[in-house]
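Accompanying notes for the structure given below.
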Amino acid sequence: MRLPRLRLPQLRFSLDWLGNLGGRRTVLYSGFTSVLFLLFLLVTFPHELVVRRALRAAHGPAVIDFTGVRFAWFNGYEIDGVQIASASADGQAPYIECNRLWVRPALGALLRGNLYDFLLHADLYGGAATGEVSITGASMAGTMQWKDLSLSRYRALTALLDEGQLAGRVSGAMNFEGRAPNLNPGQGTGELFVDGAALTGAKVGGFPVPDLRLRQTKAKFAVREGRLEVQEFQATGDIDVQASGNIVFRDPPEESMLNLRVTIQQSLATPDAVKTLVGLIPRPAGSKPDAPIMLTGTIARPHVR
């Protein structure tokens, strides 16, 4: 039994309509010229000037500077040598330093007509950070995640040491919101984790500090109205530390005000030098060695009571 043959219509594409536009060669040449024009426009466009003007329009307690900008195609803008520092900085270490920062619009937001939703990716302190910032009118909201940042590369912290080595890897995440023109987010919440924190061979204010190692440190915090609220802090290692309270931000950061309730517990593994240092902490007569203490004063000049 033979199956009937099916004859499909033959589709023919014709470019004869190009003759109405001046001929095939003219159209192809115009398209080639347009593509070249767009490519040269992207390459020669003053991207750095645009970024600097956008940052100049922002204001707040911090300023952002960088060494260079280039268009990175699908990765958006690639910004080198990013530094976020105090607006009144005078030889102070920046708050944040990035080797490279990539910024590009979020594709999903573009399809919804939102031109001010940006994806971020940064290489900093030997680790990486990613996030998203969305601006709607005068409101700004965003999320950030960071992983394996090296404490030894964070100059704002190592500057507090006269000498010595600081080690540890920091990871965490944060949600924040605020006003769009202001570089300081109004409020936010987050978590912080530090693995292998260690302080060795250190001197602070001319006095030696015993070596201290903490296996794991974790904290939950909130930022509200220029204040860092430490909701939960736990560290385990040579000593076990628990803390809660708040830190009121000041400029420079080492002048920030402390109001923390701290509990320190020793163990058989606590080094003798650390035990001696903990024993020097002033406490009320008759109080237990692990009784909570209040930490006040500033970060640079803390007081115990």
Side-chain angles (χ1 to χ4, degrees), residues 125-127 129 144-161 164-174 188-205 207-223 227-249 253-254 256-283 287-305:
Y125 305 119
M144 290 295 298
Q145 303 85 36
W146 55 92
K147 185 177 182 181
D148 290 337
L149 309 188
S150 176
L151 279 177
S152 64
R153 300 188 182 188
Y154 188 48
R155 290 197 295 155
L157 191 57
T158 58
L160 301 176
L161 304 177
Q165 299 294 326
L166 185 64
R169 289 284 177 177
V170 184
S171 301
M174 180 179 181
T189 59
E191 294 182 317
L192 189 71
F193 306 92
V194 185
D195 292 324
L199 181 64
T200 56
K203 284 187 178 181
V204 178
F207 295 96
V209 178
D211 294 351
L212 180 65
R213 292 174 175 81
L214 300 173
R215 292 187 303 275
Q216 188 177 62
T217 303
K218 58 182 180 180
K220 292 184 179 180
F221 63 88
V223 178
R227 185 177 68 255
L228 174 66
E229 297 180 0
V230 181
Q231 300 170 337
E232 180 183 344
F233 178 92
Q234 292 182 342
T236 58
D238 290 347
I239 55 175
D240 293 344
V241 181
Q242 296 181 350
S244 62
N246 62 76
I247 302 174
V248 180
F249 295 127
E254 55 266 26
S256 297
M257 304 298 297
L258 303 174
N259 184 23
L260 300 173
R261 186 176 186 269
V262 183
T263 301
I264 302 175
Q265 294 181 326
Q266 306 178 47
S267 67
L268 296 177
T270 303
D272 292 339
V274 176
K275 289 181 179 179
T276 301
L277 181 62
V278 174
L280 296 176
I281 297 176
R283 300 176 184 272
S287 62
K288 297 181 179 180
D290 58 351
I293 60 174
M294 293 301 299
L295 194 62
T296 59
T298 66
I299 293 179
R301 295 178 297 275
H303 301 289
V304 178
R305 60 179 179 86

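Residue numbers start at 1 and run along the sequence shown.
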At what distance, to the nearest 0.5 angstrom, does CE of M294 lie from NE2 of H303?
13.5 Å
Considering all heavy atoms of both residues, which atom of P292 and which atom of R261 are nearest to each other, and what is their separation?
CG-NH2, 3.3 Å
Could you check if a side-chain atom of W146 sits within less than 4.5 angstrom of a side-chain atom of V170, using non-hydrogen atoms only?
yes
A side-chain contact here means heavy atoms from C-beta on lying under 4.5 Å apart; do S244 and E232 qualify?
no
Let me confirm one number: the CZ-CG distance from R283 to D290, rounded to the nearest 0.5 Å.
7.5 Å
By side-chain contact (heavy atoms from CB on, under 4.5 Å) - contacts of L199 (at least two apart)
L161, L166, A202, V209
Residue list, side chain to side chain donor-acceptor pair (under 3.5 Å) with T236, at least two apart or on another chain
none
Using the rule given for side-chain contact (heavy atoms from CB on, under 4.5 Å), can you reason through R153 versus T158, listing the C-alpha separation, both sets of side-chain angles and the distance that settles it, and then say yes or no?
CA-CA 8 Å; R153 300 188 182 188; T158 58; over 6 Å; no
Let's go through V223 and F249 carefully: what are the C-alpha distance in whole Å and the side-chain angles of both, what is the deciding distance for side-chain contact (heavy atoms from CB on, under 4.5 Å) to 0.1 Å, and is it a yes or a no?
CA-CA 10 Å; V223 178; F249 295 127; 4.2 Å; yes
Of the non-hydrogen atoms in F233 and A219, which two are nearest, and what is the gap between them?
CD1-CB, 3.9 Å
More than 12 heavy atoms of other residues, nucleotides or ligands under 6.0 Å from NZ of K218: yes or no?
no
Please report the C-alpha distance between N246 and V230 in whole Å, then the side-chain angles of each, then the deciding distance to 0.1 Å, and finally whether the side-chain contact (heavy atoms from CB on, under 4.5 Å) criterion is met.
CA-CA 5 Å; N246 62 76; V230 181; over 6 Å; no
Minimum side-chain heavy-atom gap Y125-L151 below 4.5 Å:
no
Note, R213 side chain near T200 side chain (heavy atom, < 4.5 Å):
yes
Flag if over 12 foreign heavy atoms under 6.0 Å of CD, Q165:
no
Between T270 and D238 (side chain of the first, backbone of the second, donor and acceptor by atom type, cut-off under 3.5 Å), is there such a pair?
yes
Might you point out which heavy atoms bring Q231 and A222 nearest each other, and give the distance in Å?
NE2-CB, 3.5 Å
Calculate, to the nearest 0.5 Å, the distance between atoms CD1 and CD1 belonging to I264 and I293 respectively.
4.5 Å
Out of curiosity, L214 CG to D195 CG, how far, rounded to the nearest 0.5 Å?
11.0 Å
Reported OG1-to-CD distance for the pair T189 and E191, which is rounded to 0.5 angstrom:
8.5 Å
Go through the steps to decide whether L212 and I239 satisfy the test side-chain contact (heavy atoms from CB on, under 4.5 Å), and finish with yes or no.
CA-CA 8 Å; L212 180 65; I239 55 175; 4.1 Å; yes
Treating D148 as the side-chain partner and S171 as the backbone partner, does any N or O pair qualify as donor plus acceptor under 3.5 Å?
no
Kindly compute the distance separating NZ (K288) from OG1 (T263), expressed to the nearest 0.5 Å.
12.0 Å
Closest heavy-atom pair and its distance - T217, A235:
OG1-CB, 3.6 Å
